[in-house]
Amino acid sequence: VGTEVPLRGPQGIFTLPPIIDKDLFFICTGTGIAPFRSMTHYIKLHNIEHKNIYLIFGCRKLCDSLYGDEMKALSRELANFHYIPTYSREDRENEAIQHGYVHSIYQNILESGKPEAHFYLCGWKNMIDDAKQNIITMGYDKKSIHLELYG
């Protein structure tokens with residue numbers, strides 16, 4: 001009793017742009033999918049005009065796929081929404097799924113043309129550091145990169 005615990009509330013900086021006039025790349029690992037789930041549902045619920053939305057979700061195994069079925073259903077219901085999960089430690093014999101890390105996926109999409117884009121990164125710090133560096137190296141301005149990291 002009486003111990004003071006310093007807390008910091010939401011800062012409101014990891015939010016969608018007011019007008020979505022560029023492609024959105026939601027790149028995440030593990031529970032980092034949570035804000036993108038919310039953002040995507042918000043876009044759908046409010047029928048917000050948007051370009052392509054790429055939700056690139058990385059985790060270790062298929063059984064770790066948070067909201068997998070929900071995101072697959074949403075990709076059928078929401079125009080230009082692309083749910084792309086990848087698994088770093090899943091059995092390679094399962095050819096029906098993407099294997100590896102998130103980086104090769106967004107790099108392949110961006111190499112096929114350089115769309116104007118906003119990049120939202122959420123998840124494991126090492127993934128975020130690598131993604132940020134890769135995106136800048138590909139010629140995007142660091143102001144187009146929005147971060148929410150943990151670990």
Side-chain angles (χ1 to χ4, degrees), residues 12-151:
I13 58 172
F14 198 65
T15 59
L16 290 169
I19 297 172
I20 305 174
D21 57 355
K22 299 177 182 177
D23 286 353
L24 298 176
F25 282 80
F26 295 155
I27 304 167
C28 58
T29 53
T31 57
I33 193 171
F36 305 135
R37 175 181 181 247
S38 177
M39 289 175 183
T40 306
H41 279 292
Y42 181 85
I43 290 167
K44 181 180 181 241
L45 179 66
H46 296 284
N47 199 27
I48 296 172
E49 281 191 49
H50 60 278
K51 304 282 185 181
N52 287 304
I53 301 170
Y54 298 96
L55 174 50
I56 303 168
F57 172 62
C59 61
R60 292 180 178 171
K61 297 189 136 295
L62 191 57
C63 63
D64 299 328
S65 277
L66 298 172
Y67 311 112
D69 291 337
E70 179 182 329
M71 293 298 108
K72 287 175 192 171
L74 194 55
S75 70
R76 293 186 295 270
E77 299 166 4
L78 182 61
N80 301 320
F81 174 64
H82 312 276
Y83 170 62
I84 310 168
T86 186
Y87 307 93
S88 61
R89 296 189 184 161
E90 188 58 58
D91 184 356
R92 295 277 178 186
E93 294 176 13
N94 187 346
E95 295 178 12
I97 62 171
Q98 176 84 32
H99 295 91
Y101 297 103
V102 296
H103 307 295
S104 62
I105 296 171
Y106 65 79
Q107 287 171 324
N108 287 338
I109 294 167
L110 294 170
E111 286 172 358
S112 65
K114 190 178 173 202
E116 290 188 280
H118 289 286
F119 300 91
Y120 288 79
L121 312 174
C122 187
W124 190 48
K125 182 183 182 318
N126 290 356
M127 180 280 293
I128 288 178
D129 291 345
D130 290 346
K132 184 177 177 184
Q133 184 59 49
N134 291 340
I135 293 164
I136 290 169
T137 299
M138 295 181 86
Y140 287 92
D141 189 303
K142 67 181 179 180
K143 291 179 184 175
S144 67
I145 302 171
H146 312 276
L147 310 173
E148 182 68 29
L149 58 90
Y150 59 86

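Sequential numbering from 1 along the given sequence is applied to the chain's residues. Since this is a predicted model, take the numbers as computed values, not measurements.
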Task: Lys72: salt bridge (Lys or Arg N to Asp or Glu O under 4.0 Å) partners, not counting sequence neighbours - done: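 Applying salt bridge (Lys or Arg N to Asp or Glu O under 4.0 Å) to Lys72 gives none.
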- [ ] With sequence neighbours excluded, tell me which residues meet salt bridge (Lys or Arg N to Asp or Glu O under 4.0 Å) with Glu77.
- [x]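 Result, salt bridge (Lys or Arg N to Asp or Glu O under 4.0 Å) vs Glu77: Lys44.
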Taking all non-hydrogen atoms of both residues into account, name the closest pair between [X] and [Y] and its distance.
| X | Y | value |
| --- | --- | --- |
| Phe36 | Cys28 | CE1-CB, 3.5 Å |
| Gly68 | Tyr83 | CA-OH, 3.6 Å |
| Ala117 | Ser144 | O-CB, 3.5 Å |
| Phe26 | Thr40 | CE1-OG1, 3.6 Å |

Open item on the list: Can you confirm whether Lys114 is buried at NZ, in the sense that more than 12 heavy atoms of other residues, nucleotides or ligands lie under 6.0 Å from that atom?
Closed with: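 Buried by this count: over 12 neighbours within 6.0 Å.
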Task: Enclosure of Lys61 NZ (heavy-atom neighbours >12, cutoff 6.0 Å) - done: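 More than 12 within 6.0 Å, yes.
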TODO: Please check if any side-chain donor atom of Asn80 sits under 3.5 Å from a side-chain acceptor atom of His50, or the reverse.
DONE: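 Not at all, the side chains of Asn80 and His50 share no donor-acceptor pair under 3.5 Å.
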Task: Parallel, tilted or perpendicular: ring planes of His103 versus Tyr106, cut at 30 and 60 degrees - done: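 The rings of His103 and Tyr106 stand perpendicular, inter-plane angle above 60°.
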- [ ] Take the angle between the ring planes of Tyr120 and Phe14 and call it parallel below 30°, perpendicular above 60°, tilted in between.
- [x]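 Tyr120 and Phe14: perpendicular rings.
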- [ ] Might you work through the side-chain contact (heavy atoms from CB on, under 4.5 Å) test for Leu16 and Leu24, ending with a clear yes or no?
- [x] CA-CA 9 Å; Leu16 290 169; Leu24 298 176; 4.0 Å; yes
Open item on the list: Test side-chain contact (heavy atoms from CB on, under 4.5 Å) on Ile84 and Ile109; report intermediate values, then the result.
Closed with: CA-CA 11 Å; Ile84 310 168; Ile109 294 167; 3.9 Å; yes
TODO: Look only at the side chain of Thr86 and the backbone of Gly100, and say whether a donor-acceptor pair between them is shorter than 3.5 Å.
DONE: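 The answer is yes, because a donor-acceptor pair under 3.5 Å joins these two groups.
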Open item on the list: Check whether Asp23 reaches the backbone of Asn52 with its side chain - one donor and one acceptor, N or O, closer than 3.5 Å.
Closed with: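 Yes, the answer is positive, given that a donor and an acceptor are paired below the 3.5 Å cut-off.
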TODO: Take Leu74 and His41 through the side-chain contact (heavy atoms from CB on, under 4.5 Å) test and state the conclusion after the steps.
DONE: CA-CA 8 Å; Leu74 194 55; His41 279 292; 4.2 Å; yes
Task: side chain to side chain contact (heavy atoms under 4.5 Å, CB included) partners of Ser38, counting only residues at least two apart - done: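 Counting only residues at least two positions away or on another chain, Ser38 forms no side chain to side chain contact (heavy atoms under 4.5 Å, CB included).
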Open item on the list: Taking the six-membered ring of Phe119 as reference, does the cationic atom of Lys22 (NZ for Lys, CZ for Arg) lie under 6.0 Å from its centre and within 45° of its axis?
Closed with: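 Because its charged atom misses either the 6.0 Å distance or the 45° angle limit, Lys22 does not stack over Phe119.
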